[in-house]
Amino acid sequence: MNLKKELFDTQELSELSALQRVEYLEFLVELDGGATPEGASPLAIAAGTGRKTVMGNAWLVSRALWHAAPDTDVDKLMQQTLQTWPADALSAAAYRVLVLSGLVADEGQPHAGNDTPVEPLSPEKS
């Protein structure tokens with residue numbers, strides 16, 4: 001069985017595998033472990049929330065990109081994604097990965113990518 005794929009800008013995003021979906025949820029729980037201290041300023045709360053969002057999005061995008069280059073170290077790919085992707089593109093790509101993976105319904109949100117899915121290669125086309 002092939003994972004669904006979609007072009008996003010010039011990148012090929014794949015849906016998450018079953019194991020990656022579980023690992024994503026575990027990653028979110030781990031990120032949430034850093035609870036905001038009581039009495040934290042609104043700025044500290046916003047910074048913490050923003051960091052969790054960006055880290056979660058980078059995790060999703062790096063895992064979706066990894067399927068096109070499985071020999072790449074996925075943690076290095078995540079760091080590269082964090083360092084080179086703008087926040088709006090990262091957010092839009094993460095949303096597309098969630099849709100591809102069936103973790104959220106496609107609400108027709110606009111995104112920076114190409115709306116045409118990439119047809120997975122069948123054994124005959126490989």
Side-chain angles (χ1 to χ4, degrees):
M1 171 140 305
N2 293 315
L3 297 174
K4 292 179 275 187
K5 298 175 186 174
E6 177 177 296
L7 283 179
F8 181 86
D9 195 24
T10 61
Q11 303 287 322
E12 181 180 284
L13 298 175
S14 294
E15 72 176 304
L16 300 178
S17 68
L19 178 59
Q20 286 175 321
R21 292 172 200 204
V22 172
E23 291 172 341
Y24 173 62
L25 297 175
E26 292 171 344
F27 183 76
L28 292 179
V29 168
E30 186 179 307
L31 277 178
D32 201 36
T36 305
E38 190 173 321
S41 71
L43 184 57
I45 293 170
T49 301
R51 181 171 185 73
K52 289 175 186 179
T53 300
V54 168
M55 294 299 290
N57 288 347
W59 194 99
L60 280 171
V61 172
S62 64
R63 273 42 180 199
L65 293 171
W66 176 83
H67 288 282
D71 293 333
T72 306
D73 180 287
V74 73
D75 292 325
K76 287 182 182 178
L77 186 56
M78 182 171 164
Q79 284 305 312
Q80 180 185 17
T81 303
L82 281 166
Q83 293 173 353
T84 61
W85 282 59
D88 59 341
L90 189 58
S91 178
Y95 174 77
R96 296 309 307 159
V97 173
L98 290 171
V99 169
L100 282 169
S101 302
L103 296 173
V104 298
D106 190 354
E107 300 294 328
Q109 302 273 337
H111 58 89
N114 180 340
D115 289 330
T116 308
V118 175
E119 183 179 343
L121 293 177
S122 66
E124 303 84 49
K125 294 180 182 177
S126 313

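- Considering every non-hydrogen atom in both N57 and S91, the closest pair reads ND2-CA, 3.6 Å.
- How far NZ of K4 is from CG of L16: 10.5 Å, rounded to the nearest 0.5 Å.
- Separating the CG atom in L13 from the CG atom in L3 is a distance of 12.0 Å, to the nearest 0.5 Å.
- Between W85 atom CH2 and S62 atom OG the span is 10.0 Å, to the nearest 0.5 Å.
- If you chain together hydrophobic residues whose side chains sit under 4.5 Å apart, V74 and V22 never meet in one group.
- Residue E15 is tested with R96, R63, H67, R21 for a side-chain hydrogen bond (donor to acceptor under 3.5 Å, both in side chains); the sole match is R21.
- Contact of the W59 side chain with the T81 side chain is not registered, since no non-hydrogen atoms from C-beta on lie closer than 4.5 Å.
- The structure places CG of L103 at 7.0 Å from CG of L25, a figure rounded to the nearest 0.5 Å.
- Both M55 and L28 are members of a single hydrophobic cluster when ILVMFWY side chains are connected at heavy-atom separations under 4.5 Å.
- No side-chain heavy atom of V99 sits under 4.5 Å from any side-chain heavy atom of E107.
- Across all their heavy atoms, A64 and V97 have their closest contact at CB-CG2, 3.4 Å.
- Counting heavy atoms from C-beta on, the side chains of L65 and T72 never come closer than 4.5 Å.
- When all heavy atoms of A93 and V61 are compared, the pair lying nearest together is CB-CG2, 3.7 Å.
- With rounding to the nearest 0.5 angstrom, the CG atom of D32 is 12.0 Å from the CZ atom of F27.
- Nearest heavy atoms, S14 versus K5: OG-CG, 3.5 Å.
- With a 4.5 Å cut-off on side-chain heavy atoms, Y24 and L98 count as touching.
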